[in-house]
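In what follows, every chain begins at residue 1, and chains take the letters A, B, ... in the order their sequences are listed.
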Amino acid sequence: MNLHTNLTKHIKEAVSQNYGATLETIEFQATRKDFEGDVTVVIFSMLRTVKGNPVQIGETIGAYLVEHVAEVSKYNVVKGFLNVVLSDAYYLDFFRSIQDFGTYGRVPPGKDAMMVEYASPNTNKPLHLGHVRNVLLGYSVAEILKASGKKVYKTQIINDRGIHICKSMLAWQRFGNGETPESSGLKGDTLVGKYYVRFDKEYKAEINKLIEKGTPEKEAKAKAPILIEAQEMLRKWEAGDPEVVALWKKMNGWVYDGFDATYENIGVDFDKNYYESDTYLLGKDFIETGLKKGVFEKDPDGSVWCDLTDEGLDRKIVLRSDGTAVYMTQDIGTAIQRVKDFPDVKGMIYTVGNEQDYHFKVLFLILKKLGFSWAENLYHLSYGMVDLPSGKMKSREGTVVDADDLIEDMVTTAKEISEELGKIDDFSEKEKNQLYKTIGLGALKYYILKVDPKKRILFNPEESVDFQGNTGPFIQYTYARIQSILRKAAENATQDQEEEAIQLHPKEKELIKIVQQFPETVQLAASNYSPALVANYTYDLVKEFNSFYQNVPIFGAENPTEIGFRVALCDAVGNVIKTAFSLLGIHVPDRM
RNA sequence: GGUCGCAUAGCUCAGCUGGAUAGAGCACCUGCCUUCUAAGCAGGCGGUCCCAGGUUCGAAUCCUGGUGCGAUCACCA
C-alpha cells in the first residue's frame, strides 16, 4: 500500500476513535527543511470537522501513527502542523524496490497516441533562435509524453508555398547569377534566406522611389513593381507554371538540406513531415459538411463564416467569397488528414508561439463543433517570444540570431572552458569535439527549457549563456562525477560480505526522497506539457547530490555494506539525471 | 477600445491542488583542492512577492478593480 493512503487510513482512524469525527480528505505536504520530519500533516484544515486545539489534535494523531504505522518512527507538532518522521527502513525498502534504474520514471507506452507538431518553418529563410525554442519545446514535450506512457508521433508542417518563398525566388532569379550552395559554399537555407533579405532591400528601395515621386506610402507599398512581380509568380505557381515550379523545387530542395543539417545538429527528429503545398487545399471539402451541420453559414457574397459570438469570440471566415481557402480552412483540413493517416491518434499538440493563441482557440472550437472526438484533446503549446535587447527579431531586416551560429558559439564556449580546465587532455580530437558539442548544446537547451514556456525570454547574445550554477553543464558535470565514482567502484569491486545494518545519513535520506519524486514529476510535466518542471526537478536533485558528494565520504564509509549502498545511490541518481535529461533532449558525458 | 498572457532579490528564474520564517543561480563578500572531477561545496549580503480592496484560521498563490509590458482582434500566413 502506498504510504499516503496508509497514513490517511490511520489518521482517519485516530480522529474517529478520539474525536468521533469523520474526515473527508487529509492534506499532506513535504516537511520544510527547518523542521524535523519527512511528511507533514496539516491539522488546520481538519478544524472544521474536528473540534479542539490543533496542537492537541496533532499530538493525538502523531502518537497514534507511531503506534500503528510501522514506517512512522517519530513525530513533532508545531502550531497546526504534525511533522512525521519516517524510518530509515521505509526509505531503504523503497530504494531496494526500484528494479531497474535505467527505466525508472518511464511508463511503457499504451495504445493511445498523441501527435506533437513543432518546428513548422517557412522555407524562405534559415532557422533562428525563435525556432530553436519551438523545436526544443516540442521535442521535449514529445519525449515527456512518451515517458509518461503515451505513444507519440512527432510531426512538422513545412510552409513551403506562398508569397514569402516567391520573394526569395524572384530575388535569386534577378540577382543570384545562378549562385548555388555548391558554388557559394553557403548552406542552402542560408543562401535562400540571403535572397529573402535582398528582396526586402529592393522592395524598400522601390517604395522610397515611389514616395519621392509623390505616391502615398500605402499605395507605394502595394504597387512596388517587385512585389507585383512576386505576386505574379505566386499566381504562376498556383497555375502550375513549369518554370516557376522547377525553380521552387530547386530552391526548396536547398532549404531542406539546410534544415536537415540544423535539425541533426540540434538533435531533433520527426516521424512525419507534412507540406503545405500538399495540404493547403484540404479543408475546403469540409466546408460543405459544416454548412450542412449548421456549424457554418454562408453570406450573400458567397463567403463562409463560423459564428462564435456565443462563445465570446467573433465571427471567423473559413472560405473567401471567391471560394479560396484561408489559413483556418487549411488547418481544419490538415488536422482531419492527420487522424486519417494515424488512426490511433487521440489528440494533438501544436507547438506554436503565443501570437497565435486566438487562432488556435478558434480552430479547436470549430473542430469540436464539427463533432470530432479527438477535438476534445487538442492543446496549443503556446510559448512566449524570444526577444533580443534590441527588440523583436526580424528575418527581413537580418536582425536574427541564426540557429547554426548560436550553436557554434555555444560549442566554442564549451571548448574554451574545457581547455582551460584541462581535465580531458587525454581525449582524442574526435572525443573532445563530441564533448564540446554535448556541453554547448546542453547549456543552450537547458537555458531555454528551464523557463516556463508561457514566459517570454530575453536573450542577450552579448552575455553568454552561463555554464555555472543552475545550468546544463553543472548537471552534466555532476553526472560525469558520478560516472567517475562508478568506474572506481567497478575497479574496487569486492565480493559479498556480511551485510551490516545501514543508518541513513540525512543527506542520503534527502536524496532518496528526491529520487522517489521522479516518476510523479514526469507525470506532472506531461499533464502540464512543461519541460521546465523536469529541468527544475533535475536541478534540485543534482544540487542535493553535490552536497552529499562533498559532505559524505563514499569509499571512506564505515563498512563495505555502506560503501555498496552509497555507490548504488550514486548509480540511481546518475540514471535519473540521464533519463531526465533525455526528456529534455540533452546528452550526458561520462567525463568532462 | 474588446479579449488573452505576464509582473517575485540589482539581473535571470523556482514557488505543486491556498499553509510554517518566500527559495535558487548570476553578481558582490568569506572560507574550503597532498583524500571519490573546485563547471563544485559551506556560509554572508540582498525582498512594499506591481498597487488597492475582498474571501479565509491562513494569500506570492483564489476573487474584484486598477497600473505597466507583450500579444491578438484581416476575405494575411
Side-chain angles (χ1 to χ4, degrees), chain A residues 27 29-35 40 42-45 47-48 54 78-81 83 122 159 161-164 276 280 299 301-305 312-314 316-328 330-331 353-359 361-362 382 384-385 387 392 414 417-418 420-421 423-424 439 443 447 450-452 454-458 460 463 465-478 480-489 492 520-521 524 528 532-533 535-536 539-540 542-543 546-556 566-567 570 591-592:
Chain A
E27 213 184 312
Q29 54 186 265
T31 305
R32 285 182 64 104
K33 278 263 168 61
D34 335 295
F35 301 95
T40 293
V42 182
I43 304 296
F44 284 121
S45 54
L47 295 178
R48 280 193 186 80
V78 182
K79 295 194 228 169
F81 300 96
N83 300 319
N122 291 350
N159 301 304
R161 51 138 248 133
I163 189 71
H164 45 286
E276 197 193 345
Y280 82 110
D299 271 15
D301 64 2
S303 58
V304 180
W305 299 74
L313 305 174
D314 298 326
K316 185 77 193 174
I317 191 157
V318 291
L319 201 66
R320 294 191 187 103
S321 52
D322 64 4
T324 54
V326 292
Y327 193 35
M328 189 61 74
Q330 215 183 108
D331 273 1
N354 65 8
E355 75 271 18
Q356 293 197 34
D357 284 355
Y358 184 77
H359 173 78
K361 205 181 218 176
V362 172
S382 165
M385 295 290 101
D387 291 325
K392 235 183 153 170
I417 296 174
S418 288
E420 200 178 323
L421 294 171
K423 295 181 185 179
I424 51 152
I439 298 172
Y447 178 83
K450 75 170 179 183
V451 181
D452 183 338
K454 279 199 300 274
K455 295 194 174 170
R456 62 189 273 265
I457 291 182
L458 188 77
N460 189 345
E463 298 167 18
V465 172
D466 271 322
F467 281 66
Q468 284 174 355
N470 187 358
T471 67
F474 166 55
I475 292 166
Q476 291 171 321
Y477 174 70
T478 306
R481 270 181 154 179
I482 290 172
Q483 300 318 302
S484 176
I485 289 169
L486 297 179
R487 281 191 297 270
K488 184 167 176 178
N492 303 3
E520 58 200 76
T521 302
L524 194 66
N528 287 298
L533 294 177
N536 287 315
Y539 178 65
D540 289 341
V542 161
K543 201 166 160 41
N546 275 295
S547 178
F548 160 77
Y549 176 87
Q550 220 127 28
N551 290 291
V552 181
I554 292 167
F555 295 108
R566 285 180 185 166
V567 169
C570 289
R591 282 180 57 193
M592 72 184 269

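- One C1' atom belongs to B/G25, the other to B/G43, and the distance between them is 16 Å to the nearest Å.
- Judged by centroid separation below 5.5 Å and plane tilt below 30°, A/Phe474 does not stack onto the base of B/A39.
- A/Thr40 comes within 4.0 angstrom of a nucleotide base, judged by non-hydrogen atoms across all strands.
- The side chain of A/Tyr549 has B/C36 as its nearest neighbour among B/C41, B/A39, B/C36.
- A donor and an acceptor atom sit less than 3.5 Å apart, one in the side chain of A/Ser418 and one in the base of B/A39.
- Checking B/G19, B/A38, B/A77 against the side-chain heavy atoms of A/His164 singles out B/A77 as nearest.
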Where do N or O atoms of nucleotides 24-27 of chain B meet protein N or O atoms at under 3.5 Å, pair by pair?
| unit_1 | atom_1 | unit_2 | atom_2 | d |
| --- | --- | --- | --- | --- |
| B/A24 | O2' | A/Tyr539 | OH | 2.7 |
| B/G25 | OP1 | A/Lys543 | NZ | 3.2 |
| B/G25 | O2' | A/Asn470 | N | 3.3 |

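- When heavy atoms are screened at a 4.0 angstrom cut-off, A/Asp452 is found touching the sugar-phosphate backbone but no base atom.
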*Pairs counted as Watson-Crick or G-U wobble with both distances under 3.5 Å: what dot-bracket string results for RNA chain B, using | for bases tied to another strand?*
(((((((..((((.....[...)))).(((((.......))))).....(((((..]....))))))))))))....

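- Looking at heavy atoms from C-beta onward, A/Gln476 lies out of side-chain contact with A/Phe467 at the 4.5 angstrom threshold.
- Taking the side chain of A/Phe44 as heavy atoms from C-beta on, and the options B/A71, B/C73, B/G19, the nearest nucleotide is B/G19.
- In this entry the distance linking CG of A/Leu486 with C1' of B/U37 reads 13 Å, nearest Å.
- A/Ile317 comes within contact range of at least one nucleobase, with a heavy-atom separation under 4.0 Å.
- Comparing the P positions of B/C29 and B/C36 gives an interatomic distance of 29 Å, to the nearest angstrom.
- Atom pair A/Met592:CE and B/A38:P shows a separation of 12 Å (rounding to whole Å applied).
- Spacing of C1' atoms, B/U35 relative to B/G40, comes out at 16 Å, to the nearest Å.
- If you take atom C1' in B/A22 and the same atom in B/C69, they sit 24 Å apart, rounded to whole Å.
- With both ends at atom C1', the span from B/C63 to B/G44 equals 41 Å, rounded to whole Å.
- Counting heavy atoms from C-beta on, the side chains of A/Ile482 and A/Tyr549 never come closer than 4.5 Å.
- Between A/Phe44 and A/Phe81, the two ring planes are perpendicular [angle over 60°; tilted spans 30° to 60°].
- Put simply, OH on A/Tyr447 and OG1 on A/Thr471 are 12.0 Å apart, with the number rounded to the nearest 0.5 Å.
- A/Tyr358 is listed as a side-chain neighbour of A/Leu313, based on a closest heavy-atom distance under 4.5 Å.
- Dashed line: the shortest gap from a side-chain N or O of A/Ser484 to OP1 or OP2 of B/C36 is not under 4.0 Å.
- Glycosidic torsion of B/C26 falls outside 90° of 0, placing the base in anti.
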*Check step by step if side chain to side chain contact (heavy atoms under 4.5 Å, CB included) holds for A/Leu486 and A/Val567.*
CA-CA 7 Å; A/Leu486 297 179; A/Val567 169; 3.8 Å; yes

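- At B/C76, one or more side-chain N or O atoms of A/Arg320 fall inside 4.0 Å of OP1 or OP2 (strictly under the cut-off).
- Side-chain contact annotation: A/His164 with A/Asn159, donor-acceptor N/O pair under 3.5 Å absent.
- Using a 4.0 Å heavy-atom cutoff across all strands shown, A/Met385 reaches no nucleic acid atom at all.
- The side chain of A/Lys454 places an N or O atom within less than 4.0 Å of a non-bridging phosphate oxygen (OP1 or OP2) of B/C6.
- Using a 4.0 Å heavy-atom distance criterion, A/Asn551 is classed as a sugar-phosphate-only contact.
- In this structure, A/Asn470 and A/Lys450 have side chains that are in contact, with non-hydrogen atoms separated by less than 4.5 Å.
- A/Arg456 and A/Asp387 make their closest contact through NH2-OD2, 2.9 Å (heavy atoms, listed as atom of the first residue, atom of the second, distance).
- Nearest heavy atoms, A/Ile439 versus A/Ser418: CD1-OG, 4.1 Å.
- Among the protein residues, A/Tyr358 comes within range of the sugar-phosphate backbone only, with heavy atoms under 4.0 Å from sugar or phosphate atoms but none that close to a base.
- At a threshold of 4.0 angstrom between heavy atoms, the contacts of A/Asn83 include nucleobase atoms, whether or not backbone atoms are also involved.
- Distances shorter than 4.0 Å separate none of the side-chain N or O atoms of A/Arg481 from OP1 or OP2 on B/A39.
- Atom CD in A/Gln550 sits about 10 Å away from atom C1' in B/C36, given to the nearest Å.
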*Quick one: do A/Asn546 and A/Phe474 satisfy side chain to side chain contact (heavy atoms under 4.5 Å, CB included)? Show the steps, please.*
CA-CA 10 Å; A/Asn546 275 295; A/Phe474 166 55; 3.3 Å; yes

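- Annotation for A/Gln330 and A/Tyr280: closest pair CG-CA, 3.3 Å, computed over non-hydrogen atoms.
- Among the heavy atoms of the strands, none lies under 4.0 Å from A/Ser382.
- Heavy-atom nearest nucleotides on RNA chain B were determined for A/Leu313 and for A/Tyr447, and the one closer to the 5' end corresponds to A/Leu313.
- As a whole-Å value, the separation of A/Asp357 CG from B/C73 P is 11 Å.
- On the P atoms, B/U64 is 16 Å away from B/G2, given to the nearest whole Å.
- The A/Glu27 side chain lies nearest to B/G19 when the options are B/A38, B/G19, B/A14.
- Rounded to whole Å, atom P of B/C36 lies 11 Å from atom OH of A/Tyr477.
- Residue contacts for A/Val552: at a heavy-atom cut-off of 4.0 Å it reaches a base atom on one of the strands shown.
- Separating the CG atom of A/Asn354 from the P atom of B/C4 is a distance of 15 Å, rounded to the nearest angstrom.
- Distances shorter than 4.0 Å separate some side-chain N or O of A/Ser547 from OP1 or OP2 on B/A42.
- Close to B/G70, at under 4.0 Å from its OP1 or OP2, lies no side-chain N or O of A/Arg456.
- Nearest heavy-atom pair across A/Thr40 and A/Thr31 is OG1-OG1, 2.7 Å.
- Minimum atom distance to the side chain of A/Arg48 is reached by B/C57, of the listed B/C57, B/G19, B/A71.
- When rounded to the nearest whole Å, the span between CG of A/Asp387 and P of B/G5 equals 19 Å.
- Using atom C1' as the reference point in both B/G46 and B/U30, the two lie 16 Å apart (nearest Å).
- Donor-acceptor pairing under 3.5 Å is lacking for the side chains of A/Arg32 and A/Asn83.
- Atoms NZ (A/Lys361) and C1' (B/G5) sit 10 Å apart, rounded to a whole Å.
- Remark: the separation of the C1' atoms in B/U67 and B/G31 is 46 Å, to the nearest Å.
- Under 4.0 angstrom from either OP1 or OP2 of B/A71 there lies no side-chain N or O belonging to A/Lys455.
- Residue whose closest nucleotide on RNA chain B sits further toward the 5' end, between A/Ala30 and A/Gln330: A/Ala30.
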